[in-house]
Amino acid sequence: MKVIDNWLGKMLGAACVCVALAACVQNGDDEPQYDTVTVVDNLVIDENSVPIFPKKAALTTDTARRFSLDLPKRCEVNWDNQTVVSVVPEEKIEIVRLNTGDALPELAVSDYEFRDLTVKRALEKLLDGSDIAVVADEEMYEKISGSISAGTLADAVELMAKMGRAYYSYDAEAGEIHLTHRAKWLVKMPHDQSIIMALIDAMRGADVRNLLVDWNDKTLVFEGNYQTEREVSRIIADIASKKYMLAWGIDVYRVYPRTDNPIVWMNMLPAFGDNNIKMSIPGVVGRALVVSPEVNTKTLQEFLSQQANVVLISRGQFVIPNGWQSRFDIGQCSKEERLETDLIVGATGKYGDFGGRNKIDAKIVLRTSNGELTSFNIPSSVGDNYVIIGIPTHSFVTTPETLISPFAELVVFMSPRIISIVDAAQIPSGEMTPLVGDALRAFLSE
């Protein structure tokens, strides 16, 4: 048995050697090749596979949500052609209600009295016996009382609808007056882009939403109720009565010192001269400097680049009627998503007499979603600029640790300008006219 076992072992060994030699002859000295197979959720994924993504909710994509026709107008400042004072012609701002339907029949109303009735019931009583029906598209709760001694049907219906804070439209074919609490309006805006911006911002500030702006024909459409109409009418009347608008151009920088030391801001005095640094205003955080036109975006960056790396975070502009307030959202005009994009620069400003001198009296507020960061009351002369310094970048860091230097700062440069609104007859061209030379000196001396 041992002899047989030895013989079988030798035969099997020889067979294995033959198989190995055959494999070597077939493949040469190359190592065997294997395909890499990736399995995800029991699915085999290779280079020819079609990507499979999880189902998403039906929401507007982020880039579509951020699309806005007015952002390019807000996020551009021509620092090479800034005008301290500009003159624009006065233009009428008109508001017109849409979808009023057909004209009411030419009927006379006399000696009509109504007491504690809804608009629908008062109109039904007035039109009793006529072929005109009254349809309330929504419930009318407001009770009205009054009397009409004489007038047309159109005047009577308009009066009672306003008393009940409702709107009507007439369908002549159906012979129906429809009542509703909401309506749609068209605002015919002036041609000057700065005033359009101020009007839009004022309406958004009054919580008027869903504004549809046609920048080509300078019109704006909005919807709302009786209170919305009153608020927008007040805004239009107030803006139309203003002689001045205030506009600010803004640059926002993040400054990284090149050494482990903060920016030495006192070096601005020898760099620009004492006469060009006019005022220093401390805040809860940071400091606001009122500077002459010699300190502008170009010279400020040249000064900062001697000590630090300067990165432009955001650039833009906003306009407010004289005595109003508005804001500039850093994130709207940000170059990319950064820590500071949560920051808002708010401004309240008025141009006029300030202790016997014409000045821009402004309050500048820096705030985030967590609340107010700092604020400054800044009286300045026409032509002065603001530089807000000393705002630590760490004010915007939300994590316990960060790679950003503790000496990195946010620097805000603001340049205010005045838009003077005058009678169109005084501007033959009807276009914005910058004041320079003797004309500017005469304007400032008024």
Side-chain angles (χ1 to χ4, degrees), residues 68-79 81-93 187-208 211 213-215 218-220 222 232 234-252 297 314-333 344-352 358-366 378 380 382-386 412-422 427 430-435 443:
S68 174
L69 288 175
D70 61 341
L71 277 190
K73 301 171 177 60
R74 295 179 185 275
C75 301
E76 290 185 0
V77 183
N78 185 0
W79 290 118
N81 188 26
Q82 278 292 95
T83 303
V84 176
V85 179
S86 300
V87 175
V88 298
E90 183 179 17
E91 295 182 76
K92 183 179 179 181
I93 305 175
V187 179
K188 299 177 183 179
M189 301 183 294
H191 287 78
D192 182 75
Q193 181 173 295
S194 298
I195 300 179
I196 293 176
M197 288 287 193
L199 179 61
I200 293 172
D201 288 344
M203 292 179 67
R204 286 174 176 163
D207 205 30
V208 181
L211 302 180
V213 182
D214 188 327
W215 288 95
K218 304 296 188 297
T219 58
L220 178 151
F222 71 96
V232 173
R234 183 189 67 81
I235 290 170
I236 291 174
D238 201 8
I239 289 180
S241 66
K242 299 299 182 185
K243 294 183 179 180
Y244 301 105
M245 295 265 180
L246 294 179
W248 276 272
I250 300 180
D251 264 7
V252 181
T297 54
S314 184
R315 170 175 290 170
Q317 58 182 315
F318 65 96
V319 184
I320 62 174
N322 199 35
W324 283 42
Q325 61 180 344
S326 190
R327 57 188 251 178
F328 176 72
D329 295 82
I330 301 299
Q332 273 194 330
C333 300
I344 293 171
V345 179
T348 303
K350 184 177 182 180
Y351 172 73
N358 282 339
K359 284 184 175 289
I360 299 173
D361 185 18
K363 181 178 182 180
I364 306 299
V365 180
L366 273 59
I378 307 176
S380 62
V382 177
D384 290 343
N385 296 322
Y386 315 154
V412 180
F413 176 87
M414 300 181 68
S415 180
R417 60 188 179 91
I418 296 174
I419 302 171
S420 178
I421 303 172
V422 301
I427 309 177
E431 299 178 354
M432 180 177 287
T433 305
L435 291 182
F443 176 87

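- Ion pairing between a basic and an acidic side chain is recognised when a charged N comes within 4.0 Å of a carboxylate O; D238 and K242 show such pairing.
- Taking the six-membered ring where the residue is Trp, the centroids of F413 and W248 are separated by 6.0 Å or more.
- I421 places a side-chain heavy atom less than 4.5 Å from the side chain of I195.
- Under the 4.0 Å criterion applied to side-chain N and carboxylate O atoms, D201 and R74 are assigned as salt-bridge partners.
- The side-chain heavy atoms of V382 and N358, taken from C-beta on, include no pair separated by under 4.5 Å.
- S314 places a side-chain heavy atom less than 4.5 Å from the side chain of F328.
- Here R417 does not pair with D384 in a salt bridge; the nearest charged N to carboxylate O distance is not below 4.0 Å.
- In this structure, K350 forms no cation-pi arrangement with W324, as its terminal cationic atom is not both closer than 6.0 Å to the ring centre and no more than 45° off the ring axis.
- The number of heavy-atom neighbours closer than 6.0 Å to CD of Q325, taken from other residues, nucleotides and ligands shown, is 12 or below.
- Inter-residue side-chain proximity for E90 and V422 is flagged as unmet; no heavy-atom pair is nearer than 4.5 Å.
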Would D214 and T219 count as a side chain to side chain donor-acceptor pair (under 3.5 Å) if you check the C-alpha gap in whole Å, the side-chain angles of each, and the deciding distance to 0.1 Å? CA-CA 5 Å; D214 188 327; T219 58; 4.6 Å; no
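- Here the OG atom belonging to S194 is positioned 8.5 Å from the CE atom belonging to M245, to the nearest 0.5 angstrom.
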